[in-house]
Trainee: 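Take a look at the following structure, please.
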Amino acid sequence: MSGNQKRRLLFTDIDGTLVAHDTYDPGPSAGAVARLQLAEIPVVLCSAKTRAEQEALRARLKLDDPYVVENGAGVVFPVGFPGGRAGEGEQELVTFGLSYREVREGLEQAARETGVTVKGFGGLSVEEVSDLTGLSLTSAAKARTREFTETFVIEDPTSESEARLAAHLEPLGIGLLRGARYWMALGKHDKAQAVRYVISRYEEFGPVKSYGVGDSAGDLGMLEAVDIPMLVQRSDGSWADLELPGLMRLQGIGPEGWPQAADAALAP
Ligand SMILES: [Mg+2]
């Protein structure tokens with residue numbers, strides 16, 4: 001890094017962005033991650049996935065940069081991160097939301113009050129999570145290891161039962177996100193706050209230029225918080241319907257388009 005050049009950081013969503021949706025395979029993005037590592041540009045994972053889920057991917061890609069877990073509920077700084085607040089040989093975990101126990105208890109309370117039957121991952125066996133999600137048993141175990149947020153299904157969901165549940169969670173400081181197959185109950189935190197925090201930690205050492213790449217509306221907070229927002233194409237070839245100043249729409253579905261995000265961060 002030359003004297004007056006800004007330090008660059010690349011934030012990335014995982015599912016459908018860095019790795020393919022169905023296969024979870026990084027494909028061409030693995031080589032692009034390696035190029036960024038050679039250039040000492042941190043690749044900061046930022047997704048709804050748990051720490052255990054992200055650690056598996058980090059090991060596979062040999063990543064040793066901070067990462068944002070469970071939709072911005074926490075940021076993990078690796079052992080030895082410069083300026084780290086953790087003890088010797090320890091990871092540093094910074095949290096922004098409620099604890100898993102608070103979210104789970106709130107969800108149970110709201111379910112009781114509304115008579116809506118919910119099944120949270122925390123109350124399911126690994127086999128049941130695997131059946132529900134289509135994940136392998138190993139992956140289901142990692143998805144079930146939650147620290148901040150609860151993923152759940154509603155039995156016989158209707159828009160009415162969902163709204164009732166949301167109304168009872170709101171005063172407890174718990175929000176609801178709807179995914180493709182399940183819901184997530186979470187404290188009032190978002191990816192934008194966590195991304196800004198990571199940027200601020202790097203800014204302790206000098207000016208930063210931040211890049212971010214995602215594939216869906218769920219990545220909006222991350223993309224709003226960075227200098228250069230980018231989208232890869234979704235599996236149908238379209239881009240998520242987001243409008244942001246300077247948004248770059250990359251050619252290529254998920255990890256096929258991801259190397260262009262690396263190129264942008266590597267450009268002179
Ligand atoms: Mg995604």
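Every number for a ligand or one of its atoms is a count from 1 in the order of the listing. Position 1 is the first residue of the sequence; numbering continues from there.
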Trainee: Under the rule for salt bridge (Lys or Arg N to Asp or Glu O under 4.0 Å), what residues qualify as partners of Glu203, not counting sequence neighbours?
Mentor: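 Partners of Glu203 under the salt bridge (Lys or Arg N to Asp or Glu O under 4.0 Å) test: none.
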
Trainee: Strictly distance-based, threshold 3.5 Å: is any side-chain N or O of Gln193 a donor or acceptor partner for the main-chain N or O of Gly72?
Mentor: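 Flag not set: sc Gln193 to bb Gly72 has no pair under 3.5 Å.
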
Trainee: Measure from the side-chain N and O atoms of Glu256 to the backbone N and O of Val232, and report whether any donor-acceptor pair falls under 3.5 Å.
Mentor: no

Trainee: With sequence neighbours left out, what residues match Asp236 under side chain to side chain contact (heavy atoms under 4.5 Å, CB included)?
Mentor: Arg234, Ser238

Trainee: For residues 12-25, pull every pair meeting salt bridge (Lys or Arg N to Asp or Glu O under 4.0 Å), keeping only residues two or more places apart or in separate chains.
Mentor: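 Every salt bridge (Lys or Arg N to Asp or Glu O under 4.0 Å) pair that includes a residue of residues 12-25, provided the two are not neighbours, is Asp15-Lys49, Asp25-Arg60.
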
Trainee: Around the Mg ion (ligand 1), how many protein N/O/S atoms fall inside 2.8 Å?
Mentor: 3

Trainee: Compare every heavy atom of Leu36 with every heavy atom of Leu266, then report the nearest pair and how far apart it is.
Mentor: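 Heavy atoms only, the tightest pair is CG-CD2, 3.8 Å.
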
